[in-house]
Amino acid sequence: MLTVAAASMAAAAPQALEEPHLKVIPRTAEEAARIAKVTAPATEFDRPEPFETNPAGAATVSPRGNADAFSLPSGNIPFERELDFKVGNGLFKKLWVSSPSSTLASDGLGPLFNARSCQRCHLKDGRGHPPEGPQDDAVSMFLRISVPTPPEEAMSEIEAFLLSVGDKTPRTRPDPVYGGQLQDFGVAGHPAEYRLGVSYEEVEVALSEGETASLRRPTYSAEDLGYGPLAEGAMLSPRVAPPMIGLGLLEAIPAADILALADPEDADGDGISGRAQIVWSFEHARPMLGRFGWKAGAPTIREQSASAFAGDIGISSPIFDAAWGDCTAEQAACRAAPHGDGDDRGTEIDAEGLDLVTFYSRNLAVPARRDVGAPEVLRGKAVFHEVGCTSCHQPKFVTERLEDQPEQSFQLIWPMTDLLLHDMGEGLADNRPEGRANGREWRTAPLWGIGLTEQVNGHTQFLHDGRARSLLEAVLWHGGEAQPARDAVVDMPKADRDALIRYLESL
């Protein structure tokens, strides 16, 4: 059942609940009853729940013991669709080159960019990390940037909609010179916009039974600016590349099921007040539920992919067709530089190419759970529930029944997220609003596959900026709505804390 606040939002703009990117077969009353039963919260923890080993339903794949564990296609992908997945993988890995070039199918890079390919940020389709010292680049991490909107500036369509439903999140705009994100590379003749600077302060945290943990509190800076000073009031937000697995299943969760979990006024008094991110879809020209990105700023995989091509690589697409990517009008040389538009592709990646990358991204499979029935894992699962982690990390959903996506259609999945925005406290705040998200809010991150991060990416650095060097550190950074759960972890017996981490490692 929708909460009062979610219902009022749906009534104010029913199109925000629509899913034009999906061909949905409506659920029957019988199916709805079955779904309610199978997604009910766990109450017993002496054995695994039915189907818990397969977090992506029939799309789950057997876990590989190497770095390719996140790079497999959906386990239920039809044979005739595997070629599309492989071609999409090729485009995901393709290194783009600057224009003019004899390689017409691959030119159009930049002129300013963060990486030359999708794979350079999402290494092995996994998680990025901050630079490991001054000699390391920040290829899988960048800074978003925005400035306060002048009060006299007209509202955008999405801002007008949010105001109509009572949202008063401060409005922002891209920096007038540097745009919406800072690029740390430029093609020949074009200076990079900046170099990412980061320093850390160690903060010790006392735990029960004499244990301690050390957290590193980061400070970020935009150094060696290539185009003059940042605008007054500029707000910076660090972002590492998130893992790619399971995206198609997240996209197929019914919008109504996500909104049913929203409780922005904490009407039930449990201290958790998740809010739905509503964004403007540039492809469908309407408000839609935001699902993807650290603050749920994109509504669909296709739009998120097009946005990354534009902002990260400087590649135009049918959705974002500016040949110069994120370059602003103040960066005249960048906008006047040669680009790859105007040939048979139309834009630098055409609709067919964007569809193939979308298909690939939609079908990167989630590996099966490991040790799901081990006693310590089961105890950790009980602790996860007891301290309230599932209030945000919603364990289970059933996806829409879909006409043309057999891999994602009607699957029981265990993503461990509600896809809502939550106040995570001052410690994790970036103090930069994004759409409906304020400077303390983040989308609940999916947890499936998190225990394989070191195997795939060779590190254990978590959260939106990679500050946490372990799963325990990630838990200890939780604040705001998650403060009571975090404090319970600090105070609980060491054996329970160890079991909790063991459970997370099994996901």
Please determine whether the number of non-hydrogen atoms from other residues, nucleotides or ligands lying under 6.0 Å from atom [atom1] of [X] exceeds 12.
X: Glu31; atom1: CD; result: yes
X: Glu132; atom1: CD; result: yes
X: Phe51; atom1: CZ; result: no

Report yes if the side chains of [X] and [Y] come closer than 4.5 Å at any heavy-atom pair, otherwise no.
X: Leu504; Y: Val475; answer: yes
X: Leu428; Y: Arg467; answer: yes
X: Ile25; Y: Ser409; answer: no
X: Ile413; Y: Trp448; answer: yes
X: Ile278; Y: Ile158; answer: yes
X: Arg432; Y: Thr172; answer: no
X: Val387; Y: Asp487; answer: no
X: Leu364; Y: Phe70; answer: no

Say whether, by atom type as modelled, one donor and one acceptor occur between the side chain of [X] and the main chain of [Y] under 3.5 angstrom.
X: Arg369; Y: Ser506; result: yes
X: Asn457; Y: Arg127; result: yes
X: Asn438; Y: Glu441; result: yes
X: Thr328; Y: Pro176; result: yes
X: Ser146; Y: Arg173; result: no
X: His122; Y: Pro242; result: yes
X: Lys396; Y: Ala40; result: yes
X: Arg401; Y: Arg27; result: no
X: Asn76; Y: Glu407; result: yes
X: Glu193; Y: Gln183; result: yes

Where does the angle between the aromatic ring planes of Phe309 and Trp96 fall among parallel (under 30°), tilted (30 to 60°) and perpendicular (over 60°)?
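Judged by the thresholds at 30° and 60°, the geometry between Phe309 and Trp96 is perpendicular.
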
Report the relative orientation of the aromatic rings in Phe92 and Tyr360; use parallel for angles under 30°, tilted for 30 to 60°, perpendicular for over 60°.
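Plane angle between 30° and 60°, so tilted.
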
Non-hydrogen atoms of [X] and [Y] that approach each other most closely:
X: Arg120; Y: Ala115; result: CB-CB, 3.9 Å
X: Glu348; Y: Ile315; result: OE1-CA, 3.3 Å
X: Arg81; Y: Phe359; result: NH2-CE1, 3.1 Å
X: Asp266; Y: Gly271; result: OD2-N, 3.0 Å
X: Val61; Y: Leu72; result: CG2-CD1, 3.9 Å
X: Pro254; Y: Val398; result: CD-O, 3.4 Å

Atom pair [atom1]/[atom2] of [X] and [Y] - distance to nearest 0.5 Å:
X: Phe462; Y: Leu472; atom1: CZ; atom2: CG; answer: 11.5 Å
X: Ser237; Y: Leu182; atom1: OG; atom2: CG; answer: 11.0 Å
X: Arg144; Y: Leu236; atom1: CZ; atom2: CG; answer: 12.5 Å
X: Trp477; Y: His464; atom1: CH2; atom2: NE2; answer: 9.5 Å
X: Tyr200; Y: Thr219; atom1: OH; atom2: OG1; answer: 10.0 Å
X: Glu434; Y: Arg443; atom1: CD; atom2: CZ; answer: 11.5 Å

Before giving the answer on salt bridge (charged side-chain N to carboxylate O under 4.0 Å, His left out), spell out for Lys381 and Glu52 the whole-Å C-alpha distance, their side-chain angles and the decisive distance to 0.1 Å.
CA-CA 12 Å; Lys381 178 183 175 183; Glu52 189 174 1; 3.0 Å; yes

Charged N-O contact under 4.0 Å between Arg239 and Asp430:
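Asp430 and Arg239: salt-bridged.
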
So, Glu303 and Arg291, do they make that salt bridge, N to O below 4.0 Å?
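So Glu303 does not pair with Arg291 through a salt bridge.
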
Please step through side chain to side chain contact (heavy atoms under 4.5 Å, CB included) for the pair Glu159 and Trp280, ending with a clear verdict.
CA-CA 9 Å; Glu159 288 171 339; Trp280 185 257; over 6 Å; no

Any chance you could lay out the side chain to side chain contact (heavy atoms under 4.5 Å, CB included) test for Gln408 and Glu251, step after step, and finish with the verdict?
CA-CA 9 Å; Gln408 289 81 42; Glu251 186 178 52; over 6 Å; no

Might you work through the side chain to side chain donor-acceptor pair (under 3.5 Å) test for His129 and Gln461, ending with a clear yes or no?
CA-CA 6 Å; His129 63 85; Gln461 299 186 61; 4.7 Å; no

Test Asp465 against Met141 for side chain to side chain contact (heavy atoms under 4.5 Å, CB included), laying out the working first.
CA-CA 8 Å; Asp465 56 0; Met141 183 178 189; 3.9 Å; yes

Please test Ser273 against Asp423 for side chain to side chain contact (heavy atoms under 4.5 Å, CB included), starting from the C-alpha separation and ending with a verdict.
CA-CA 8 Å; Ser273 51; Asp423 182 342; 5.8 Å; no

Are Phe282 and Phe320 close enough that their ring centres sit under 6.0 Å apart?
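Yes, the ring of Phe282 comes within the 6.0 Å limit of the ring of Phe320, centre to centre.
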
Would you sort out whether Asp312 and Gln181 count as a side chain to side chain donor-acceptor pair (under 3.5 Å), showing the intermediate values?
CA-CA 8 Å; Asp312 302 350; Gln181 72 186 57; 2.8 Å; yes

Do Thr444 and Asp418 pass the side chain to side chain donor-acceptor pair (under 3.5 Å) test, and can you show the C-alpha distance, the side-chain angles, and the key distance before you say yes or no?
CA-CA 6 Å; Thr444 305; Asp418 59 7; 2.9 Å; yes

